[in-house]
There are 2 protein chains.
Amino acid sequence: MDSINKEEIQKQFPQFEQPLLDGILKESVIKHLEEGEPIIQTGQYIRSNILLLNGLLKVYREDDEGNEFLMYYLEPGSACALSMMCTDRRETSQVKAKAVQSSDVVLIPAHLSEQWLAKYKSWHNFVIGTYRERFEELLQTLDSIVFKSLDERLLFYLKRHVETIGSEIRLSHQQIAEELNSSREVISRLLKKLEQRGAVTLHRNYLKVHNLEKV
Amino acid sequence: MDSINKEEIQKQFPQFEQPLLDGILKESVIKHLEEGEPIIQTGQYIRSNILLLNGLLKVYREDDEGNEFLMYYLEPGSACALSMMCTDRRETSQVKAKAVQSSDVVLIPAHLSEQWLAKYKSWHNFVIGTYRERFEELLQTLDSIVFKSLDERLLFYLKRHVETIGSEIRLSHQQIAEELNSSREVISRLLKKLEQRGAVTLHRNYLKVHNLEKV
DNA sequence: CGCCCACAGTGACTTACATCACGCAGCCAA
DNA sequence: TTGGCTGCGTGATGTAAGTCACTGTGGGCG
């Protein structure tokens with residue numbers, strides 16, 4: 001905790017003006033998350049904005065039977081749009097988030113975030129921008145489910161993974177299936193087809209992506 | 001156009017402070033839409049915020065093969081979140097909107113909207129609130145597709161329709177099928193099952209919803 | 001070393017939904 | 001009236017994906 005200083009925040013959020021940075025340092029809490037640790041849990045009332053300093057978070061939806069569905073990954077320098085809208089979450093399905101890698105997050109109390117919206121232009125722009133980006137991302141995800149078949153969705157998923165995390169995907173077929181709300185066997189078959197076309201190479205517990213475009 | 005006055009805007013947007021209302025009256029354009037008229041078209045760069053004064057708009061997604069998918073309806077007093085994020089829309093799938101009923105909308109130039117965010121607290125809250133609501137709504141829609149089967153999605157669709165428009169649904173099976181990105185025959189069969197259970201009564205070109213809860 | 005166990009491959013089957021083909025009924029207009 | 005159009009009902013069939021049951025395999029560990 002003490003190892004996180006102004007410089008680190010400034011590095012990830014260079015657009016923030018000085019007084020805002022000071023405010024963040026003074027008022028916010030920095031929390032370290034171990035790999036796999038949840039940050040937003042079911043039914044929890046969110047009272048803080050969450051900014052990601054380093055590491056990687058995964059934001060996903062879960063239904064009442066425990067089925068998961070990946071919404072998007074959060075990278076350092078970005079914020080969780082969901083943590084910004086403290087609506088009541090009584091629905092059966094819940095948004096959840098957890099750390100994919102060991103991460104550090106900045107927790108900003110909701111009432112301060114509200115104040116800062118009016119006070120700091122850079123904060124305001126950041127919040128609005130976050131909404132926009134996540135909205136866009138959610139729309140893309142929606143598209144891929146409504147209009148595309150599973151093989152196309154898998155491609156979309158792999159591409160996004162390569163962009164955010166890298167071309168070496170350290171997940172089992174089972175885990176990929178869960179993120180797409182599908183089943184292992186189906187994902188295995190589709191991955192095998194991709195391998196035959198030279199797009200990926202499969203290994204135990206991980207796979208490498210080569211070229212998804214020409215598939 | 002001249003029949004729309006300050007009182008009408010004030011009635012739909014009572015939370016706006018006086019100077020903001022004056023600004024809207026002075027700077028914005030009011031546009032009338034006939035039933036079925038599009039307001040956001042494919043690939044169009046959106047330069048205005050759209051507020052709905054009266055009537056009803058339908059916001060939907062369309063893919064490159066012309067398949068539609070309903071996102072949500074917009075009622076008077078609300079705004080189109082999408083018109084607020086003027087990102088470039090080069091993706092294959094497009095968000096579109098059109099009038100379901102004859103409607104009047106207020107078009108607010110994007111640069112003014114930006115200014116007003118800092119200037120008027122009520123405008124700021126309105127914009128943030130719009131993002132939140134639409135985000136929530138989109139999440140619910142996402143849920144229903146990812147986790148639910150078509151019969152449940154149809155129920156979800158009917159419920160939403162009843163809430164926003166009323167229990168008499170003046171659409172053909174074909175039109176309902178399109179909004180769910182399904183096919184007429186399947187929707188016909190599912191509707192018939194609902195009729196047998198007493199939840200709806202079917203007619204030519206319209207249907208009446210009685211009680212969806214106990215199904 | 002051999003045992004175990006999680007991961008992966010595979011064929012057979014089921015299911016949900018789409019698609020096709022056709023018939024029929026109501027309604028408008030020539 | 002009659003013809004045609006549009007919306008709706010329905011069986012037959014196709015297809016993508018989920019499920020089940022089983023086999024194979026590689027890697028860690030006693």
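Letters go in sequence order (proteins before strands), and every chain restarts at 1.
- When the C1' atom of D:dG7 is taken as reference, atom CZ of B:Arg170 falls 14 Å away, rounded to whole Å.
- A:Gln140 contributes no side-chain N or O that, together with a main-chain N or O of A:Glu137, makes up a donor-acceptor pair within less than 3.5 Å.
- Nearest nucleotide to the B:Lys192 side chain, out of D:dG9, D:dG7, D:dA16: D:dG9.
- Comparing D:dC8, C:dC17, C:dT10 by their nearest atom to the side chain of B:Arg184 picks out D:dC8.
- Checked by distance alone, A:Glu185 brings a side-chain donor or acceptor within 3.5 Å of a matching partner on the base of D:dC20.
- Of all non-hydrogen atoms in A:Gly77 and A:Phe126, the two that sit nearest each other are O-CE1, 3.8 Å.
- Residue B:Leu150 places its side chain closer to C:dA18 than to any other of C:dG26, C:dT10, C:dA18.
- Taking atom CD1 of B:Ile187 as the reference point, atom P of D:dG9 lies 12 Å away to the nearest angstrom.
- Listed nucleotides: C:dT19, D:dG9, D:dA17. Nearest to the side chain of B:Val186: C:dT19.
- Rounded to whole Å, atom C1' of D:dG18 lies 16 Å from atom CZ of B:Phe147.
- Distances from the side chain of B:His173 to the nucleotides D:dA21, D:dC8, D:dA12 place D:dC8 closest.
- Residue-to-nucleotide contacts include no donor-acceptor pair under 3.5 Å from the side chain of B:Arg189 to the base of D:dT10.
- Atom P of nucleotide C:dA16 and atom CD1 of B:Ile145 are separated by 19 Å, given to the nearest angstrom.
- Contact annotation: B:Ser188 side-chain N/O to D:dG9 OP1/OP2 distance is under 4.0 Å.
- As rounded to whole Å, 11 Å separates atom P of C:dC17 from atom CG of B:Leu154.
- Remark: B:Ser182 is in phosphate contact with C:dA18, judged by side-chain N or O atoms under 4.0 Å from OP1 or OP2.
- Partners of A:Ser28 by side-chain contact (heavy atoms from CB on, under 4.5 Å), not counting sequence neighbours, listed by chain and number: A:Ile24, A:Val106, A:Ile108.
- One atom, OH of B:Tyr206, and another, P of D:dT6, lie 21 Å apart when rounded to the nearest Å.
- Between B:Glu65 atom CD and C:dA18 atom P the separation is 15 Å, expressed in whole Å.
- Residue A:Ser172 has its side chain nearest to C:dC7 when only D:dG7, C:dC7, D:dA17 are considered.
- The CG-P distance, from B:Leu202 to C:dA25, rounds to 17 Å in whole Å.
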Which pairs would a plain distance check flag for residues 181-189 of chain A, meaning a side-chain donor or acceptor within less than 3.5 Å of a matching protein atom at least two apart in sequence or in another chain?
unit_1	atom_1	unit_2	atom_2	d
A:Asn181	ND2	B:Val146	O	3.2
A:Ser188	OG	A:His173	ND1	2.8
A:Ser188	OG	A:Arg184	O	3.4

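- Because its NZ or CZ atom is not both nearer than 6.0 Å to the ring centre of A:Tyr72 and within 45° of the ring axis, A:Arg160 does not count as a cation-pi partner of that residue.
- Looking at heavy-atom distances under 4.0 Å, A:Ser183 makes contact with a base.
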